[in-house]
S.K.: 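Below is one structure. I have some questions about it.
When a ligand or atom number is given, it counts from 1 through the structure's own listing order.
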Amino acid sequence: MQVLKFGGTSVASAKNITLVKDIIVQKKDAGSLIAVVSALGGITTQLVNASLLASSGDEGYLKLLNQVEQKHIKTVQELISVKAQSKTLGKVKILLNDLEDICRGVFLIQELTAKTSDKILSFGEKLSSTIIADFLNDSGINSSLAQPQEFIITDNNYGRANVDFGVTVPKISAYFGEQLPVYICPGFIASSKDNQWTTLGRGGSDYTAAILASALNAAELEIWTDVSGMMTADPRLVRSAYAINEISYEEAMELSHFGAKVIYPPTIQPALEKSIPIRIKNTFSKEDAGTLISANASANGQLIKGLSSIQNIALLNVSGSGMVGIPNFSHRLFRALSNAKVNVVLITQASSEHTICVGIDASDISKALTAIESEFAFELSARKINPVEVEKELAIIALVGANMKEQVGVSGNMFSVLGQNGVNIKAIAQGSSERNISVVVHEKEVKKALNSLHESFFLSDKRVINVFMIGVGNVGSALIEQLRKQKSYLSTHHHIDLRVVALANSRKMYFQERGMDLKEWKNKLEHESEPMSSELFLQKMAELNLRNSIFIDNTANADIASVYNGVLKESISVVTPNKIACTNSYEEYLNLKKTALKYKAKFLFETNVGAGLPVINTLNDLIKSGDEIIKIQAVLSGSLNFIFNNFNENTRFADIVRQAQEEGYTEPDPRIDLSGVDVKRKILILIRESGLNMEIDDIPSRAFIPKECMNAPTIEEFFKKLEEHEDTFQKMIADAKKAGKKIKYVATFNKGKAETGVQLIESSHPLYNLEGKDNIVLFTTKRYPEQPLVVKGAGAGAEVTASGIFADIMRIANAN
Ligand code: ADP
Ligand code: ASP
Ligand code: MG
């Protein structure tokens, strides 16, 4: 006998039932078969809701029943030929009338017993099986409708009845002894010994099929559903999840127990006992191999088979110094919970034995508390046990794989992946089988936790990096373009899926959770965005709670710089060319570094000095490896260097400044460069990164631009003033020329002191031949005492700055 089960979605509509028929037709050639069917998709839940409404005296139940009725009638009309329709409609109507009568009874007395609830729920499968059997017969496939109340016998534990296998197995053998070609059997429903309808628990049609397969010694049990197998994670939460080829009974049991809905947990036991393989197949994609659950599933070299999660969990913390002295404490605790019918999903006990932590379904909290308080009434009043602490809105995440016990470090890896993403672990449990490690986390972290673990443990997958970017000016747009061009390269060569999730300028912001098309960003930001507010931007970013998130600030704005601390606290890394945060007070700078460390996020700002040049990284490497900075000498302003390299007796100073501004070398306000503030900030950052405490005001700078220019009220006025002072600048250049030297704006740090300003540089000095807008940094250190370590190259411009930011992004992407 072959046993197949078709789930709710597989029989949800006339179209789907036709696909089911095709599978049955194909299978029946191999011999007689039983097709166990669920209720039409969604019907059981509607019946639950209708019965609850009726029991609370709400007439809305009638509306729900009407929807149930319409759905079945429509299915019959679409499925069954006109001449055969009325017979089926007659049967369906009788069932629906019975259903309505029972619900009306519930409505009138406003009471819903577990027994009546099961009676109501049983109609879903009675209706579906009746329609499907009639449809097959109408299509020329000789089928008989099996009556599970005659062969699946349970106790009276309504809602989730326990099967009496001693009675059930012989009844099944007798019932199916005749071996007709096709049986259609309603799943989920059974009968108690006193002939009351019972149900096997939500999702129980899988179990019906397993009971039949086991009793009839079927060669295989096929579960036909709406996904192509048991997957590495819940596909609704992890989009990159994929079907597992083979898995052992124990692993499958573990995954389903911890929330993999695709198979109802009790289903596995009967199959396991008889070593009957279970195959999970997709009704909507028949050719897919699906998943084979069996005793000797090959591991395929995989350590971890899958991830699952259960939401709506509460933790009960039972603690107290007197607990150790209470005989049989755990036994009494679990007995009390079990007597109160509280299902304990997870247990952890601290080694001190002063605390036991149990994870239960949140709907059982009050039952559980009453049970514990009455069992330990004496100990609680004697203060040997503290009042039970309850923590809600939690979820369990389980990592499952039989082979993990042979490998050290799996749990370490799990915890570090979660830690890097700021997921706080509330409790940990590892079953003694070592097939499973489970952690309890806050409900809002589930999606992020599953996705980051999935990326980490299933290598074939891509690692997603989520970018949130503020500032789409020169540097920002150059960065977006670079990200766009590199996207497919990163994907194929580095398995990195780099997504830009949010973009904002000073007026607008645009979010796209799955990453936006970088060809269209301008249009989206202009037309599909919402007004920009940095608080809202942050709030949305935190709410999305995506793994591997990076916040990029491409502005020169102090307000944006002030949010970094809050961002880092969300365990979101910060990358920025904005120098403001690092040049505020030393305390603030240090605080950001500490926050980053504490929340396992990165705070990277390589482009603060020398644009894309590896200045800060070089310095960090020197310091980390134990070197010490003796002296720094540097030309750190690409724009000033450009200006002094291009300014001569045939040009006007103001024009060259304007050109530098137009080519994007200066800050938006060129005075930041010309005043030397920008250079001061840069040398300050280098000094701080060398491990020294210094403030910006500790650095003197020699001004070379007349005060009157600097004090101009607007940028335009400033240019005018520059023009008026052309003589001053011409004199500077003439003096330099006469001395055979070049003007450079130099920053130095020596013997604990820093200064910045224009200097006349001789032709033999390394700073003399510094072309265009280049920067140069000379590090004299303990290891480089005579010949300094030199970093030199293009030090300004949108493209090189963007590529420096990109490099920081890649540092974060490759770090974990
Ligand atoms: P059926 O009605 O066929 O019994 P279910 O809805 O009970 O189907 O189970 C299938 C659903 O289980 C899938 O559509 C999927 O959304 C969900 N699911 C959760 N976890 C997993 C997993 N690990 N593998 C496959 N499906 C899963
Ligand atoms: N119809 C029942 C439910 O939805 C049983 C099943 O589909 O497996 O829970
Ligand atoms: Mg199911």
Side-chain angles (χ1 to χ4, degrees), residues 4-13 16 19-20 23 35-49 68 117-118 120-129 148 152 159-161 185-190 198-211 222-245 247 251-268 278 280-285 288 290-291 293 304-311 397-401 446-447 450 453-454 458:
L4 287 69
K5 178 257 172 177
F6 295 92
T9 324
S10 304
V11 297
S13 65
N16 296 0
L19 296 176
V20 168
I23 295 166
V36 174
V37 296
S38 285
L40 307 197
I43 291 294
T44 311
T45 303
Q46 270 181 311
L47 293 175
V48 170
N49 294 339
V68 169
S117 173
D118 268 9
I120 293 175
L121 297 198
S122 69
F123 280 90
E125 267 73 6
K126 283 183 202 161
L127 285 159
S128 66
S129 56
I152 300 188
R160 197 177 170 136
C185 177
F188 181 52
I189 52 181
T198 56
T199 65
L200 303 175
R202 290 303 306 271
S205 296
D206 295 339
Y207 191 32
T208 304
I211 296 164
E222 289 185 5
I223 305 278
W224 289 81
T225 181
D226 57 0
V227 281
S228 296
M230 191 158 212
M231 306 182 83
T232 48
D234 184 339
R236 291 164 299 183
L237 295 169
V238 178
R239 279 173 190 268
S240 50
Y242 54 89
I244 302 164
N245 292 331
I247 188 166
E251 289 169 321
M253 202 145 22
E254 211 87 43
L255 276 176
S256 71
H257 176 71
F258 281 99
K261 188 187 171 218
V262 65
I263 191 157
Y264 181 52
T267 309
I268 300 179
I278 305 174
I280 302 188
K281 296 277 290 177
N282 189 345
T283 306
F284 308 95
S285 190
D288 291 356
T291 299
I293 307 175
I304 305 298
K305 281 293 174 65
L307 283 162
S308 53
S309 63
I310 320 181
Q311 310 238 11
I397 290 187
L399 194 63
V400 173
V446 168
K447 197 169 173 193
L450 285 175
L453 290 170
H454 195 263
F458 298 93

S.K.: Judged by non-hydrogen atoms, does Ala233 sit under 4.0 Å from ligand 1?
M.R.: yes
S.K.: Hey, does Val68 have a side-chain heavy atom less than 4.5 Å from the side chain of Phe123?
M.R.: no
S.K.: Rounded to the nearest 0.5 Å, how far apart are CE of Met253 and CD1 of Ile247?
M.R.: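 That separation rounds to 11.0 Å.
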S.K.: Out of curiosity, is Gly203 lining ligand 2, as in a heavy atom under 4.0 Å away?
M.R.: yes
S.K.: Which atoms of ligand 1 are found less than 4.0 Å from any heavy atom of Val227?
M.R.: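 The list of qualifying atoms is 13 (C), 14 (O), 25 (C), 26 (N).
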S.K.: Could an N or O of ligand 2 be found under 3.5 Å from any N or O of Thr44, whether backbone or side chain?
M.R.: yes
S.K.: Quick check on contacts: which atoms of ligand 1 are under 4.0 angstrom from a heavy atom of Pro235?
M.R.: 15 (C), 18 (N), 21 (C), 26 (N), 27 (C)
S.K.: Please write down residue, atom name and distance for the protein heavy atom closest to atom 14 (O) of ligand 1.
M.R.: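 Of every protein heavy atom, Asp226 OD1, 2.8 Å lies nearest to atom 14 (O) of ligand 1.
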S.K.: Taking the side chain as every heavy atom from C-beta outward, state whether Arg202 and Thr44 have any pair of such atoms under 4.5 Å apart.
M.R.: yes
S.K.: So Thr232 and Leu307, do their side chains get closer than 4.5 Å, heavy atoms only?
M.R.: no
S.K.: Between Glu125, Lys5, Gln46, which one has a non-hydrogen atom sitting closest to atom 1 (N) of ligand 2?
M.R.: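 Looking at heavy atoms only, the winner is Glu125.
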S.K.: Any idea which protein heavy atom is nearest atom 6 (O) of ligand 1, and the distance to it?
M.R.: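 Looking at atom 6 (O) of ligand 1, the protein heavy atom closest to it is Lys261 NZ, 2.9 Å.
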S.K.: With respect to Ser10, determine whether any N or O atom, backbone or side chain, lies less than 3.5 Å from an N or O atom of ligand 1.
M.R.: no
S.K.: Among protein heavy atoms, which lies nearest atom 8 (O) of ligand 1, and at what distance?
M.R.: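 Going by distance alone, atom 8 (O) of ligand 1 is nearest to Thr225 OG1, 3.2 Å.
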S.K.: Starting from atom 3 (C) of ligand 2, what is the nearest protein heavy atom, named by residue and atom, and what distance separates them?
M.R.: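 Result: Arg202 NE, 3.3 Å.
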S.K.: Using a heavy-atom cut-off of under 4.0 Å, does the side chain or the backbone of Arg202 touch ligand 1, or both, or neither?
M.R.: neither
S.K.: Give the residue and atom name of whichever protein heavy atom lies nearest to atom 24 (N) of ligand 1, and the separation in Å to one decimal.
M.R.: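 Protein heavy atom with the smallest distance to atom 24 (N) of ligand 1: Met231 N, 2.8 Å.
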S.K.: Within the 3.5 Å criterion, strictly below it, is a donor on Asp118 or Thr199 matched to an acceptor on the partner's side chain?
M.R.: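 Yes.
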S.K.: Could you label the plane-to-plane angle of the Phe6 and Trp224 rings as parallel, tilted or perpendicular, counting under 30° as parallel and over 60° as perpendicular?
M.R.: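 If you compare the ring of Phe6 with that of Trp224, the planes turn out parallel.
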S.K.: Please determine which of Ser129, Ser128, Ser122 meets the side chain to side chain donor-acceptor pair (under 3.5 Å) test together with Lys126.
M.R.: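 For Lys126, the side chain to side chain donor-acceptor pair (under 3.5 Å) test succeeds with only one of Ser129, Ser128, Ser122, which is Ser122.
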S.K.: If the cut-off is 4.0 Å to any non-hydrogen atom of Met230, which atoms of ligand 1 fall inside it?
M.R.: 24 (N)
S.K.: State, with a plain yes or no, whether a side-chain heavy atom of Leu255 is found less than 4.5 Å away from one of Ile244.
M.R.: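 Sidechains of Ile244 and Leu255: in contact.
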S.K.: Nearest to atom 17 (C) of ligand 1, what protein heavy atom do you find, and at what distance?
M.R.: Arg236 NH2, 3.5 Å
S.K.: Would you check whether Gly8 has a nitrogen or oxygen atom less than 3.5 angstrom from a nitrogen or oxygen atom of ligand 1?
M.R.: yes
S.K.: As an exercise, identify every atom of ligand 1 less than 4.0 angstrom from a heavy atom of Gly229.
M.R.: 24 (N), 25 (C)
S.K.: Does some side-chain heavy atom of Ser38 sit less than 4.5 Å from a side-chain heavy atom of Lys5?
M.R.: yes
S.K.: With side chains defined as the heavy atoms from C-beta onward, is the minimum distance between Val37 and Val20 less than 4.5 Å?
M.R.: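 No - every pair of side-chain heavy atoms lies 4.5 Å or more apart.
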S.K.: Measuring from atom 6 (C) of ligand 2, which candidate in Gly41, Ala209, Ser205 has the nearest non-hydrogen atom?
M.R.: Ser205
